[in-house]
Peer 1: 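If you scroll down you'll find the structure; I have some questions about it.
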Number of protein chains: 2
Amino acid sequence: MKNKSEIPECVQKCGVEYAFKRIGGKYKGRILWHLGMQKVLRYGELSRTLPDITTKMLTQTLRELEVDQLIIRKMYHEVPPKVEYSLSETGLELIPFIDHIHQWGKKQLANEIL
Amino acid sequence: MKNKSEIPECVQKCGVEYAFKRIGGKYKGRILWHLGMQKVLRYGELSRTLPDITTKMLTQTLRELEVDQLIIRKMYHEVPPKVEYSLSETGLELIPFIDHIHQWGKKQLANEIL
DNA sequence: AGCAACACATACTTTTTAGTATGTAGCATA
DNA sequence: TATGCTACATACTAAAAAGTATGTGTTGCT
C-alpha cells in the first residue's frame with residue numbers, strides 16, 4: 001500500500017476512519033473534553049489539568065488539533081506570553097459524542113471494580 | 001512514569017481516557033462499526049470488507065476487542081474452520097456514538113471537498 | 001546582574017504499533 | 001499426490017508515536 005490511489009475508495013471515504021484519525025490520538029479526546037467543559041483554557045492550565053502529558057506532547061497535540069481546526073488558538077502579545085485555547089465550531093460538535101463515550105467509560109470502569 | 005501508583009488518580013479514573021484506550025486503535029472503530037451494521041460477520045467477510053487491514057492486524061485487533069469484551073467470537077469446529085464475530089452487549093452500547101462520529105466524519109469529508 | 005514567569009522548541013532515545021513474508025492444520029476434491 | 005479452503009500464527013523489519021532532557025525569548029522585579 002504505497003500511495004493513495006491504491007487505497008480503495010470506500011476506505012478513503014469512510015467517515016469513521018476519518019474521524020478516528022482526527023481525534024484518535026493518545027491525548028486528543030481528553031484535551032477536547034476539558035476544553036468542552038471549561039470553554040477557555042490557557043496552556044499552563046491545560047498542562048496542570050493533564051499532568052501526565054509532557055509539554056512536548058501537549059504542544060504537539062494542540063498544534064494538530066489547531067491544524068485540523070478543532071480548536072482555536074488565541075495568543076496575546078504580552079510578556080510573559082499568554083495563549084488561550086478553545087473549541088472551534090467543528091470541535092464543539094464533537095462534545096456530545098465525547099460526552100457519550102465518557103459516560104460509557106465511567107460505567108465500564110465502575111463495572112471493572114466490582 | 002513507571003508504575004500505576006505514580007499516575008494521578010484523576011487520570012486513571014477518567015472515563016474518556018479509558019474509553020479511548022479501548023476503541024482508539026487504528027482499526028477498532030471501523031471493525032465495531034461494520035459489526036454494528038451487519039450483526040454477524042465471519043473472519044473472511046470482515047477481511048474483504050476492510051481490505052486495507054492485513055490479516056495479522058485484523059486477527060490482533062479482533063483479539064483485543066474480544067479480550068476487552070466488546071465483541072463475541074464464536075467458532076464452529078468444522079473443516080475448513082468457521083468463526084463468527086458479533087458485538088457484545090457492551091459493544092452494542094458503543095454503536096450510537098460510533099454512528100454520531102460517522103455522521104460527523106462524513107460531514108467533514110464533504111466540507112473538505114468543497 | 002540574576003531570576004522568575006510562560007509557552008513553547010529541539011535533539012535524541014525508547015517504546016509502541018504496523019507491515020511483510022511465510023507457514024500451519026485438516027479435510028475435500030481433482 | 002497436489003491444491004484449495006479458512007482462519008489464523010510467527011519471525012522479522014520498518015515506521016510512527018511518545019518520552020527525556022535541555023534550551024530559548026522578553027520583560028519586570030530584586
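Source: prediction; values computed, not measured. So you know, we letter chains A, B, ... as the sequences are listed, proteins then strands, and number each from 1.
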Peer 1: Looking at the side chain of B:P80, which of C:dA18, C:dC8, D:dC5 is the nearest nucleotide?
Peer 2: D:dC5
Peer 1: On DNA chain D, compare the nucleotides closest to A:E64 and A:T55; which residue's is nearer the 5' end?
Peer 2: A:E64
Peer 1: Counting heavy atoms from C-beta on, name the nucleotide in C:dC8, C:dG19, D:dC8 closest to the side chain of A:V83.
Peer 2: C:dC8
Peer 1: Mind calculating the distance between CE (A:M57) and P (D:dA16) to the nearest angstrom?
Peer 2: 15 Å
Peer 1: Rounded to whole Å, please give me the gap between CD in A:Q60 and P in D:dT20.
Peer 2: 14 Å
Peer 1: Just to confirm, is there a sub-4.0 Å distance from OP1 or OP2 of D:dA7 to any side-chain nitrogen or oxygen of B:R73?
Peer 2: no
Peer 1: Nearest whole Å is fine: how far is D:dT26 P from A:E78 CD?
Peer 2: 16 Å
Peer 1: Counting side-chain heavy atoms from CB outward, which of C:dG19, C:dA9, D:dG25 is closest to B:K26?
Peer 2: C:dG19
Peer 1: Is A:E89 atom CD crowded by more than 12 heavy atoms from other residues, nucleotides or ligands, each under 6.0 Å away?
Peer 2: no
Peer 1: With no hydrogens and no angle check, just 3.5 Å: does a side-chain donor-acceptor pair link B:T55 and B:Y43?
Peer 2: no
Peer 1: Can you check the A:L46 CG to C:dC6 P distance for me, whole Å?
Peer 2: 14 Å
Peer 1: Identify whether B:M75 and B:V40 are in the same connected component of the hydrophobic contact network (ILVMFWY, side-chain heavy atoms under 4.5 Å).
Peer 2: no
Peer 1: What nucleic acid atoms does A:Y76 come within less than 4.0 Å of, heavy atoms only: base, sugar-phosphate, or nothing?
Peer 2: nothing
Peer 1: Would you kindly give the OH-to-P distance between A:Y43 and D:dT24, to the nearest whole Å?
Peer 2: 18 Å
Peer 1: Take the protein atom CG of B:L58 and the nucleotide atom C1' of C:dG19, then report the distance between them rounded to whole Å.
Peer 2: 14 Å
Peer 1: Closest nucleotide of DNA chain D for A:G25 versus for A:P81: which of these residues is on the 5' side?
Peer 2: A:G25
Peer 1: Donor-acceptor check, side chain of B:R73 to backbone of B:E66, threshold 3.5 angstrom: yes or no?
Peer 2: no
Peer 1: Are the charged groups of B:K74 and B:E84 less than 4.0 angstrom apart, N to O?
Peer 2: no
Peer 1: Looking only at side-chain atoms of B:R42, point me to the closest of D:dT6, C:dA7, C:dG19.
Peer 2: D:dT6
Peer 1: Any idea which of C:dG26, C:dA18, D:dC8 is nearest the B:V79 side chain?
Peer 2: C:dG26
Peer 1: Write down the distance between NZ (A:K21) and P (D:dA17), rounded to a whole number of angstrom.
Peer 2: 11 Å
Peer 1: Between D:dT6, C:dA5, D:dC8, which one does the side chain of B:Y85 approach most closely?
Peer 2: D:dC8
Peer 1: Side-chain heavy atoms under 4.5 angstrom apart, residues restricted to Ile, Leu, Val, Met, Phe, Trp, Tyr: same cluster for A:L35 and A:L92?
Peer 2: yes
Peer 1: What is the distance from CE of A:M75 to C1' of C:dC6, rounded to the nearest Å?
Peer 2: 11 Å
Peer 1: Examine C:dG19: is either OP1 or OP2 under 4.0 Å from a nitrogen or oxygen in the side chain of B:Y27? Give yes or no.
Peer 2: yes
Peer 1: B:K56 near the nucleic acid: base, sugar-phosphate alone, or nothing, with a heavy-atom cut-off under 4.0 Å?
Peer 2: base
Peer 1: Establish, with yes or no, whether the OP1 or OP2 oxygen of C:dA5 is under 4.0 angstrom from a side-chain nitrogen or oxygen of A:K82.
Peer 2: no
